[in-house]
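Throughout, a chain's letter reflects where its sequence line sits, starting with A, and its residues are numbered from 1.
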Amino acid sequence: MSFQHRVRTVYVKELVDILRDRRTLIAMIVVPIVLYPLLMIGSLQAIAIQGEHLKSQQVLVGVLNDEAVADLARLVTEDAQYVAALAPEMKDDEGGDVEPGLGESLRARKYASVEDLRAAVQDRSIQLGLVFDGPVSTDPHVSNRIQPYYDKEDPPSVYAYMRFKAMIERANERIRRLRLEERNLPPTLTRPFVLAPTDLSSPPSVLGQILPLVLVLMTITGAIYPAIDLTAGERERGTLETLMVCPVPIIDLISGKFLVVTTIAILGAALNLASVCVTVYFGGLNAVVAGGGGLPVGQLLLILLCLIPFAVLMSAIMLAVCSYARTFKEAQNYVTPVILAVLIPGGIAAMPATRLEGTMLVVPVGNMVLLARELLLGAHVSWVALATVLLSTTIYAAAAVAVAAKVFGKESVVFADSASLRSTFDRRLIRPAPRPSFTMAFLLVSLLYPTWFFIQSALGEKSGGDARGVLHGTALWMPLFFLVIPYAVLRYWKVDVAETFRLRPPPARYVVAALLVGVSAWIPATQLVAVLKSLTGASAALAEQEQALAEALRTMPVWMILMIIAVIPGTCEELLFRGFLLSGLAGVARKWPAIIACGVIFGVFHYMLIRVPITAAIGVVLALLVWQSRSIWPAVLAHVLHNGLGCLISIDPTLQGALGITEEAMGADRLPARLVLIGTLIFTAGVLLAWWPVGRASPGSRSADALDVSKPAVAESS
Amino acid sequence: MEMIVTENLSKSFPTPDGPDKYAVRDLNLRIEEGEIYGLLGPNGAGKTTTLRMLSGLVTPTAGTARLAGYDVAAQPFEVKRILGFLTANTGLYQRLTPRELLAYFGELHLMTRARARRRAEEIIDWLDMADFADLRCGSLSTGQRQRVNIGRVLVADPPILIMDEPTLGLDVLSNRTILEFIRRAGRSGKTIIVSTHYLDEAESLCDRIGLLHRGSIVAEGSLDELRQQTGEQRLSSIFLDLVGADPVPPIAGAGVPIA
């Protein structure tokens with residue numbers, strides 16, 4: 001029976017099981033069906049009450065000059081007479097009341113400039129700003145342009161604008177009738193008044209503001225109950241043991257359960273979204289909620305699609321958290337702080353001033369709230385931003401699933417022999433281990449991912465675009481995050497540091513291989529970058545960034561460049577990725593899956609999407625070096641050489657000249673054919689030397705393959 | 001053929017202060033095919049930990065266990081395919097029917113869906129469960145639940161049965177259902193290891209008995225052999241004789257009376 005079959009078996013059973021539970025159905029179907037209409041009707045009534053109140057309120061209108069005051073006064077007086085005369089006729093189609101003109105409640109205020117006027121609307125000291133393009137002309141061939149300014153988020157302002165608009169429409173109608181009656185004037189199509197309104201509100205609509213957060217929260221809520229029921233619930237009811245004695249790997253069980261939780265969460269999100277749409281549509285709330293633009297149905301579908309990786313993430317987190325609990329109650333206690341932790345980034349993202357850029361792209365939960373908002377508002381979301389949000393969410397989800405799988409099968413959690421959380425964090429209960437567990441390694445890298453992104457953004461901001469500041473900062477902070485923190489984690493959980501980082505001398509052969517790879521890798525890499533750039537279209541921003549970096553580097557002494565670009569990143573990245581991460585991967589995967597996964601994660605960690613494939617490929621080669629030599633040093637050597645050479649050649653014309661590269665060709669990432677050929681050959685030779693089991697094939701390759709996998713990983717830590 | 005073999009099987013837990021605490025220490029068992037072996041001892045003697053190690057639920061800290069030749073640590077899935085596991089507080093999925101539940105566990109024991117369904121039918125016939133096979137497990141009586149549980153154990157027709165206090169806290173009728181099942185399974189050639197602290201149960205059921213005390217076997221053999229060793233007639237007296245001056249061992253905590 002295949003993995004898929006087993007997972008499907010678990011999935012089908014758990015789905016049937018959970019859907020038969022009344023509580024699931026209530027949470028999933030009844031709540032959204034009832035909640036949104038109630039919420040909407042409530043707010044609709046509030047708006048209606050407010051409207052009544054507004055009718056009796058004074059309206060302050062800002063204008064720019066005395067003529068405008070006079071014109072406005074005349075318009076208002078004529079409108080009042082017209083409405084009084086034609087009142088019976090003026091009932092609108094639905095038999096509702098006529099929107100009253102501004103009438104007697106109007107007070108005009110003069111402002112010196114359009115800027116002042118706008119500011120007054122924005123700080124809500126007036127409700128409406130009107131800019132006339134000149135004195136109102138009665139010439140039938142002239143359209144009088146009026147620019148109203150209002151704030152859609154301020155109900156009195158919206159109401160004032162609506163009243164003014166109604167008045168202008170009536171004026172248009174009135175004057176046209178007059179012209180037709182007088183006959184001697186042509187019934188021209190020119191409208192006497194044209195409005196060009198500007199909305200000055202900062203947050204554009206209720207829908208865009210609230211709905212993303214509500215959706216995100218409902219997705220989380222949807223995941224909670226099944227996550228508890230399928231983990232702690234199973235334990236509490238005494239069925240977990242029967243499951244664990246089945247000849248099925250725990251990862252299959254947890255995968256099936258995880259898919260069920262995700263399904264329920266997505267179904268819940270879809271039902272919530274549908275309920276919102278139905279309520280808005282049938283409640284006639286389009287204008288109020290979506291800011292007059294109507295419901296963006298296409299965008300809603302897109303949001304639902306984006307919610308899928310988010311539902312995956314939240315399901316995995318909930319599953320991981322609930323797996324620690326032995327009873328329903330305990331699980332609920334664990335879930336509460338998680339929800340609070342999720343609300344913080346969600347809340348920050350929901351603030352109108354927050355934008356989907358920089359660090360927010362990788363902030364868990366926050367990035368999804370922002371993405372949903374941008375999509376709802378029809379804002380342009382670049383594919384890079386979209387990919388970054390989805391990719392980072394997927395990484396976090398994978399980490400959470402790994403934790404859930406680890407915790408779910410943990411003896412101390414399955415059987416109430418000892419305190420489960422304690423056995424993970426109480427150092428006295430931790431047994432020494434030769435290398436970190438996969439969960440520990442992956443979780444650490446996943447947590448470093450947004451943290452490092454944040455640090456880089458912060459450095460960029462602090463140095464005000466000066467690439468040197470970023471470089472110095474990176475060199476300073478990298479050892480802390482890539483070395484000190486992993487080291488501290490290893491020491492705390494009593495993991496063998498030397499074994500994890502593979503701090504042993506390498507066989508000479510791999511030093512040679514590393515030298516070959518290190519001196520040549522930049523050549524195929526440059527070629528591949530050029531190909532990718534031509535495929536995706538060169539980005540001006542990227543080129544500018546590279547230019548700034550090169551400029552900054554040219555002002556530095558060579559030793560400093562080598563430290564900052566080659567030695568520090570080369571050493572730090574190798575120890576973290578090819579040391580810590582690869583050791584963790586070696587516990588759960590065979591040679592090639594581990595090496596490839598290590599390379600891909602390394603690639604993704606570099607944030608620049610265009611370079612991900614190349615960085616990943618280099619990561620794979622470096623991981624191969626470490627796996628075969630069982631030592632970190634060849635990879636460090638190759639990495640340092642690669643970074644140092646690549647950087648020096650790109651900024652130093654003398655070196656370029658020596659290699660026969662013209663400056664122009666360098667800018668276009670085009671290298672001379674002969675150089676490419678030789679470089680690729682050297683690179684291939686290096687890779688083959690590392691890869692090929694020369695001579696003592698059996699003991700050499702076998703022992704390298706083994707990587708001490710027989711020793712148990714740190715089961716107790718994650 | 002020896003179906004269950006352990007060598008120096010041990011499980012210890014790290015303690016916040018001082019040395020590790022042993023739940024089971026250097027346990028050596030040899031159980032023949034078709035044998036019903038009783039593991040006896042007070043609460044906390046290490047019975048449950050031993051049986052969990054045998055079924056691969058708990059990893060031993062030292063020593064090995066082999067079931068039908070398969071190493072529990074190295075070949076956990078092969079081992080799990082040939083064993084059935086039952087305890088008194090084993091639960092059922094409340095919202096599934098016995099029929100669905102049996103088929104589910106059939107599939108989890110690597111049967112195809114069709115095969116698992118057929119097997120569920122056979123079990124329902126065999127254990128006379130037709131009356132309640134399509135009710136939700138949550139609505140069944142205790143006796144009916146016991147039968148579903150037995151059915152679950154038998155779905156994969158395992159040659160080895162591991163039962164941890166299967167009668168603990170059951171009423172007389174359910175108790176009889178379980179004991180009858182063990183006897184029948186024993187007659188049909190299955191190898192059974194059953195733990196209990198009801199000594200009379202062990203007397204009536206088991207071919208051989210191992211007395212477990214503080215994680216180690218203190219005596220082992222058929223009832224007659226044990227009688228000869230100690231000169232006592234009743235199993236409870238034998239037990240008290242063996243554990244010596246410490247009739248209610250402090251490790252048993254509050255101490256459930258033996259017998």
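Within a 6.0 Å sphere centred on CZ of A:R8, heavy atoms belonging to other residues, nucleotides or ligands number more than 12. Atom OH of A:Y11 is surrounded by more than 12 heavy atoms from other residues, nucleotides or ligands within 6.0 Å.
Using a 4.5 Å cut-off on side-chain heavy atoms (C-beta onward), B:F85 and A:T242 make no contact.
With rounding to the nearest 0.5 angstrom, the OH atom of B:Y104 is 7.5 Å from the SG atom of A:C246.
For A:E234, the part sitting under 4.5 Å from any heavy atom of chain B is the side chain, from C-beta outward, and nothing else. With a 4.5 Å cut-off on non-hydrogen atoms, A:V245 touches chain B through its backbone and its side chain both. Looking at B:Q94, only its side chain comes within 4.5 Å of chain A, counting heavy atoms on both sides. Proximity to chain B is absent for every atom of A:D252, based on heavy atoms less than 4.5 angstrom apart. The parts of B:L96 that come within reach of chain A are both its backbone and its side chain, each placing non-hydrogen atoms under 4.5 angstrom from that chain. Using a 4.5 Å cut-off between heavy atoms, B:T87 touches chain A through its side chain atoms alone.
Among the candidates A:V12, A:V16, A:I18, A:L243, the residue making the largest number of heavy-atom pairs closer than 4.5 Å to chain B is A:L243. When each of A:V10, A:L253, A:T239 is checked for heavy-atom pairs under 4.5 Å with chain B, A:T239 comes out on top.
When atom types are taken as modelled, the side chain of A:R237 and the backbone of B:G91 share no donor-acceptor pair closer than 3.5 angstrom. Not one N or O on the side chain of A:K13 forms a donor-acceptor pair closer than 3.5 Å with the backbone of B:L101.
Considering every non-hydrogen atom in both A:P247 and B:R81, the closest pair reads CB-CG, 3.5 Å.
A salt bridge is defined here as a Lys NZ or Arg NE, NH1 or NH2 lying under 4.0 Å from an Asp or Glu carboxylate O, and B:R136 with A:D17 fails to meet this definition. Of the charged side-chain nitrogens involved, at least one lies within less than 4.0 Å of a carboxylate oxygen, so that A:R20 and B:E100 count as a salt-bridged pair.
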